[in-house]
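Lettering follows sequence order; numbering is per chain, from 1.
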Amino acid sequence: MVRIVVDVKLKPEILDPQGRAVLGALGRLGLEGVADVRQGKQFILTLDGDVDDAILAQVDKIAESLLSNPVIEDYTVRVDR
Amino acid sequence: MVRIVVDVKLKPEILDPQGRAVLGALGRLGLEGVADVRQGKQFILTLDGDVDDAILAQVDKIAESLLSNPVIEDYTVRVDR
Amino acid sequence: MSFRVGVVTFPGSLDDRDAARAVTIAGGTAVSLWHADANLHSVDAIVLPGGFSYGDYLRCGAIARFAPVMEKIVDAANGGLPVLGICNGFQILCESHLLPGALTRNDHLHFICRDQKLKIENNNTAWTVDYELGQEIVVPLKNGEGGYVADDYTLDQLEGEGLVIARYLDGNPNGSRRDIAGISNQAGNVVGLMPHPEHAVEALTGPTTDGLGFFTSVLTSLVKNGQVAV
Amino acid sequence: MSVDKVQDALTNPNQEQPFAELGLKQDEYESIREILGRRPTSSELAMYSVMWSEHCSYKSSKVHLRQFGEKAPHSDALLVGIGENAGVVDIGDGWAVTFKVESHNHPSYVEPYQGAATGVGGIVRDIISMGARPVAIMDPLRFGDPTHPDTRRVLTGIVSGVGGYGNCLGLPNIGGEIVFDASYQGNPLVNALCVGTMRHADIHLAKATGIGNSVILYGARTGGDGIGGVSVLASETFDADGPAKRPSVQVGDPFMEKLLIECTLEVLHAGLVEGIQDLGGAGISCATSELASNGEGGMHVWLDRVLLRDSTLSPEEILMSESQERMCAVVEPKQVDAFLAVCKKWDIEAVVIGEVNDSGRLTVDWHGEQIVDVPPRSVAHDGPVYNRPLARPDWQDARQANVPDDLPRPKSANEIRETFMTMIATPNLAAKTWVTSQYDRYVMGNTVLAQPEDSGMIRVDEESGLGVAVSTDCNARFAALDPYRGAQLAYAESYRNVAVTGAVPLAVTNCLNFGSPEDPSVMWQFEQAVTGLADACLQMNTPVTGGNVSFYNQTGDVAIHPTPVVGVLGVIDDVDRRTPMAWAEDGELIYVLGETKDELAGSEWAHAIHNHLGGLPPGLDLNKEKTLAEILVAGSRDGMFSAAHDVSDGGIAQSLAEMAMKSNIGARTWIPDGIDPFVFLWSESATRAIVVVARSEEMRFTAMCEAREFAATRIGVVDSQLANEIGSPDQVLQIDGVYAQSVVLPIGELREASEATLPALFG
Ligand SMILES: Nc1ncnc2c1ncn2[C@@H]1O[C@H](COP(=O)(O)OP(=O)(O)O)[C@@H](O)[C@H]1O
Ligand SMILES: [Mg+2]
């Protein structure tokens with residue numbers, strides 16, 4: 001069993017209200033020195049068999065078209081064995 | 001500038017309707033062989049200064065109390081330099 | 001004969017019956033379309049209604065975009081078929097790249113349901129011809145992810161070409177860039193709108209009947225364009 | 001994995017069993033052995049333990065709840081009564097309505113979001129299982145001290161959970177309650193009510209009829225949810241590595257529930273279903289034993305066919321799992337394919353897990369071996385019944401003697417104004433918009449009235465305008481002072497709220513939230529409340545159609561205030577005739593219906609200003625309540641009222657303020673002769689309402705009240721010019737005759753104060 005991890009985050013120029021809310025809360029909880037907080041999503045795909053380049057290419061396409069919205073988000077794909 | 005990454009995911013025994021919805025869509029998009037999909041959250045904290053053990057301990061506490069819900073979620077904290 | 005306006009039901013669509021009712025009150029014939037259909041049943045216009053298609057757990061509209069019916073709708077819209085996306089429908093139109101930009105989590109992080117004042121900024125689209133330019137209307141707004149975003153270039157372009165069709169008045173309810181409540185494509189046949197005109201078509205159940213204009217507009221413009229023989 | 005088979009129970013009769021860990025008493029365990037004539041298998045033990053729990057068997061409340069049946073008024077409207085998933089009432093024209101309220105208190109304290117979400121999910125499935133389309137939900141909620149730090153966690157989570165689930169399901173939220181009281185600190189109450197509509201022909205019951213029919217489980221897969229206790233059994237049957245971890249919290253999937261609604265209605269309308277049952281508490285144990293017990297008495301189940309989310313589940317766990325979003329249907333063999341096809345259309349998994357037979361037994365196999373063989377009635381209906389000791393608490397007299405008469409009251413126009421501003425902003429009276437704007441009230445397009453109106457109102461028939469109104473109410477402080485009258489006052493308020501909108505009250509549901517039944521004081525409160533409610537329903541001719549009991553709402557020795565939430569459903573022939581709460585035009589006359597007495601015990605004023613709870617609750621004459629309702633309904637039908645609003649929490653002051661804020665039109669009002677201004681404004685005497693009458697209707701209106709010998713006092717007139725006259729830029733509510741002075745309240749100032757409270761606390 002192999003796991004493919006897709007991380008999706010908002011592009012830096014897009015406002016992240018959840019990150020901002022966390023940032024505000026951190027201050028109230030006494031954690032100083034945090035300049036910025038961004039919240040992202042993570043998808044963990046567990047595959048039955050092994051991963052080859054064809055599958056990775058397919059996952060990459062799905063990450064781009066389904067798991068992220070390229071207008072506002074960036075993504076990365078990595079294999080976690 | 002250092003980044004602390006907090007990954008939050010649902011405990012394995014907790015139902016993840018979001019992951020299930022993605023799993024269904026993957027099938028329709030023709031990606032075979034995916035046994036399971038889980039969706040998690042990622043918080044990326046950017047710090048002005050460096051990170052020491054005291055700060056990490058503080059972040060750990062915040063990850064437990066604010067960023068995750070220990071009743072249904074697990075979290076990990078890592079430093080990304 | 002009367003105009004056939006298709007209302008698409010995806011699993012998780014919620015306001016499909018409301019949209020159909022609005023079409024009927026406006027004088028059209030509502031035709032229900034199923035997400036798995038690869039056939040538009042020769043409708044003259046289409047409404048993508050509000051709701052939570054496929055649960056919207058991933059990103060609103062992200063999964064619906066891949067529904068078989070959407071392939072046909074994208075082609076038809078590019079060919080000039082009038083399409084109105086309301087709320088979740090707007091999100092689906094953006095995800096399908098029929099409209100630019102995206103809709104993101106409300107800046108206050110809460111779902112919000114309230115009666116919202118809007119200003120009609122373009123009465124030249126298939127869905128707004130029955131309004132006056134600058135007309136102020138009140139219709140319900142209800143969403144968790146209604147903040148319209150696009151890069152500055154796109155926003156400037158939308159504004160420059162008059163493609164913003166409605167803006168929020170009396171307070172921006174969700175952090176939308178430039179108070180944008182709805183936009184259209186260049187041809188004016190595809191319109192996306194975050195608030196819900198279909199909930200403002202009867203005095204008894206809506207805050208006003210101001211929303212009816214969207215549904216009468218499409219009938220008016222179909223006649224004008226001679227797309228349907230009366 | 002070794003499984004405890006029926007055969008093992010015979011060959012190994014004296015094996016020790018962990019019945020106590022499963023919550024069974026020694027004598028309960030003995031009676032299971034007696035029923036079976038042997039020791040139960042571990043699967044049977046699992047089934048009995050969960051079905052005989054307080055939650056499922058009503059063992060402590062049953063003897064008292066019987067009153068709802070024994071004192072049931074005769075009603076032709078009642079199509080299905082207590083005992084089914086939800087009661088059904090006839091509202092005319094071939095339409096029927098089903099409604100029920102249920103609690104999800106304990107899970108909502110542990111995990112507020114999911115607890116509240118799954119609470120909504122559960123009650124909605126009860127409504128679907130009657131064959132109805134769910135059309136609205138309401139959420140009566142109780143929280144601890146608003147300033148306690150934990151209240152924020154609990155409230156924000158519960159509100160997002162109710163909204164998150166209900167909004168995604170596409171059900172308008174048309175009302176509810178939000179009340180704060182320190183007694184709920186460790187025991188918030190989440191009661192959820194659902195209303196469904198159907199044609200008479202669509203009514204379905206939970207029965208397994210027709211020998212040879214298939215039993216189909218459909219919806220979400222079964223996981224290890226809500227089986228805390230039974231892991232004792234699982235751990236015994238597992239090998240060395242032990243079972244996987246079981247979730248402590250159930251997670252709701254509203255999208256799955258939405259599909260389940262559409263799919264279920266489609267199979268019902270296609271005539272593919274003989275009997276149907278939702279899966280809630282006790283999961284498959286409950287569904288199969290109830291279906292079999294209500295039907296022809298026999299059922300066989302192949303448990304290994306159940307589709308699982310977690311393959312490590314033991315049969316005991318599968319029997320008890322409370323995984324959400326599942327349903328069970330009894331289907332004729334020739335219709336099974338058609339049934340499965342509809343499921344497929346909606347992308348719902350379904351599997352035949354059993355068959356109806358005439359064995360009179362419920363038998364369950366696990367991979368070819370029999371693990372359960374029981375009489376279904378003994379599991380589902382013949383559970384233990386307790387007549388628990390009850391005793392009037394020793395503190396009750398002292399509490400009733402501690403009257404509020406000596407509490408300092410405002411004594412000047414200035415002090416009245418100050419009290420006014422404090423009271424409208426106190427958390428219990430403040431605007432609840434911050435919460436209710438997180439709920440979709442428009443979806444389905446049939447919401448005629450929703451919060452902050454007195455009742456939620458839904459149009460049932462778009463052609464004729466036939467509709468229903470529903471309200472839920474309970475002032476638990478009144479019930480703490482006197483549970484019998486407190487329950488009746490809750491009933492009366494709910495009844496009045498329905499009548500105020502112009503609907504005729506027809507039927508009742510209730511959710512009885514109490515402390516531990518093992519405490520005789522609590523049991524006494526319970527018995528008093530049930531008796532009060534049953535007596536009121538009999539006298540007012542409104543049957544109780546169903547409800548729910550939630551016990552053990554207490555922290556240590558301290559129980560919550562007894563909180564019998566009462567929901568009343570009314571019918572209105574044409575929703576176009578409804579009476580809203582906001583007045584509309586200059587010159588309309590403002591009347592108070594009913595009499596105001598010095599009744600401040602248990603009032604919001606005593607609570608908010610003095611943190612005082614003592615004395616006797618307001619008096620109640622149900623005959624007068626009925627007359628008031630008749631006036632309200634007749635006035636609505638004859639078009640006499642432009643607005644009406646109930647008077648309850650916060651008294652007349654609060655009602656006038658709410659009407660002024662909703663309409664944003666000024667009014668000149670006055671204190672009638674012969675009554676103290678403070679008492680007039682904040683007393684919580686029952687059986688009162690404010691009505692707004694067009695001048696042209698005044699004669700007809702007063703004649704109607706006189707004919708019925710019901711007090712009607714003119715106390716004001718709608719006047720948008722008043723602001724101009726006194727040079728106020730804002731519309732004003734003016735009260736004359738306050739210790740010979742006028743109190744002027746700009747409506748904007750009222751609204752600001754009222755709307756600021758909740759966001760300041762929880763925003
Ligand atoms: N307080 C009550 N008043 C009237 N009926 C009640 C009350 N509590 C429970 N009931 C009835 O007892 C029956 C069993 O309740 P319950 O097990 O909660 O049903 P379900 O499992 O369908 O939710 C139902 O018909 C319910 O309406
Ligand atoms: Mg039930």
Quick one: do D:E453 and D:R578 make a salt bridge, cutoff under 4.0 Å?
no
Using 0.5 Å steps for rounding, measure from the CD atom of D:E585 to the OG atom of D:S663.
11.5 Å
Distance under 6.0 Å and angle within 45° of ring axis: D:K662 vs D:W583
no
Between the side chains of D:T501 and D:D454, is a donor N or O closer than 3.5 angstrom to an acceptor N or O?
no
Measure D:S437 against the heavy atoms of chain C and call it side chain, backbone, both or neither at under 4.5 Å.
both
Is the closest side-chain donor-acceptor distance between D:Y439 and D:Q451 under 3.5 Å?
no
Between D:Q438, D:M256, D:M457, the one whose heavy-atom pairs under 4.5 Å with chain C are most numerous:
D:Q438
Is there a side-chain contact between C:L84 and C:I86 (heavy atoms, below 4.5 Å)?
yes
Specify whether C:H110 and D:W434 have parallel, tilted or perpendicular ring planes, treating 30° as the upper limit for parallel and 60° as the lower limit for perpendicular.
perpendicular
Where does C:E202 contact chain D at under 4.5 Å (heavy atoms): side chain, backbone, both or neither?
side chain
Looking at C:G51, C:G12, C:C113, which makes the most heavy-atom pairs under 4.5 Å with chain D?
C:C113
I'd like to know if C:K142 pairs up with D:D440 as an ion pair, taking the criterion as any Lys NZ or Arg NE/NH1/NH2 lying under 4.0 Å from an Asp or Glu carboxylate oxygen.
yes
Determine whether more than 12 heavy atoms belonging to other residues, nucleotides or ligands lie under 6.0 Å from atom NZ of D:K432.
yes
Residues in residues 20-30 of chain C that sit under 4.5 Å from chain D, counting heavy atoms only:
C:R21
Does any backbone or side-chain atom of D:V159 lie under 4.5 Å from a heavy atom of chain C? Answer side chain, backbone, both or neither.
neither
Would you say the side chains of D:Q324 and D:R125 form a donor-acceptor pair under 3.5 Å?
yes
For C:Y54, is it the side chain, the backbone, both, or neither that has a heavy atom closer than 4.5 Å to a heavy atom of chain D?
both
So which of C:V201, C:D18, C:L109, C:I112 has the biggest tally of heavy-atom pairs under 4.5 Å with chain D?
C:D18
Check whether D:D253 gets within reach of chain C through its side chain, its backbone, both or neither, counting any heavy atom under 4.5 Å.
both
Where on D:Y442 is there a heavy atom nearer than 4.5 Å to chain C: the side chain, the backbone, both, or neither?
both
Pick out which of C:N123, C:N122, C:T128 makes a side-chain hydrogen bond (donor to acceptor under 3.5 Å, both in side chains) with C:T125.
C:T128
Within residues 165-178 of chain C, contacts to chain D at heavy-atom distances under 4.5 Å involve none
By a 4.5 Å heavy-atom criterion (distance strictly below it), what part of D:L171 contacts chain C: side chain, backbone, both, or neither?
neither
Taking CD in C:E136 as the centre, count heavy atoms belonging to other residues, nucleotides or ligands within less than 6.0 Å. Is the count above 12?
yes
Is any NZ, NE, NH1 or NH2 atom of the basic residue among C:R59 and C:E145 found under 4.0 Å from an Asp or Glu carboxylate oxygen of the other?
no
So for D:E262, is it side chain, backbone, both, or neither that comes closer than 4.5 Å to the heavy atoms of chain C?
neither
Is a donor on one side and an acceptor on the other found under 3.5 Å between the side chain of C:S221 and the backbone of C:A126?
yes
Taking every non-hydrogen pair under 4.5 Å, which of D:M444, D:K345, D:K258 racks up the most with chain C?
D:M444
Once rounded to the nearest 0.5 Å, what's the spacing between atom SG of D:C168 and atom CG of C:D56?
7.5 Å
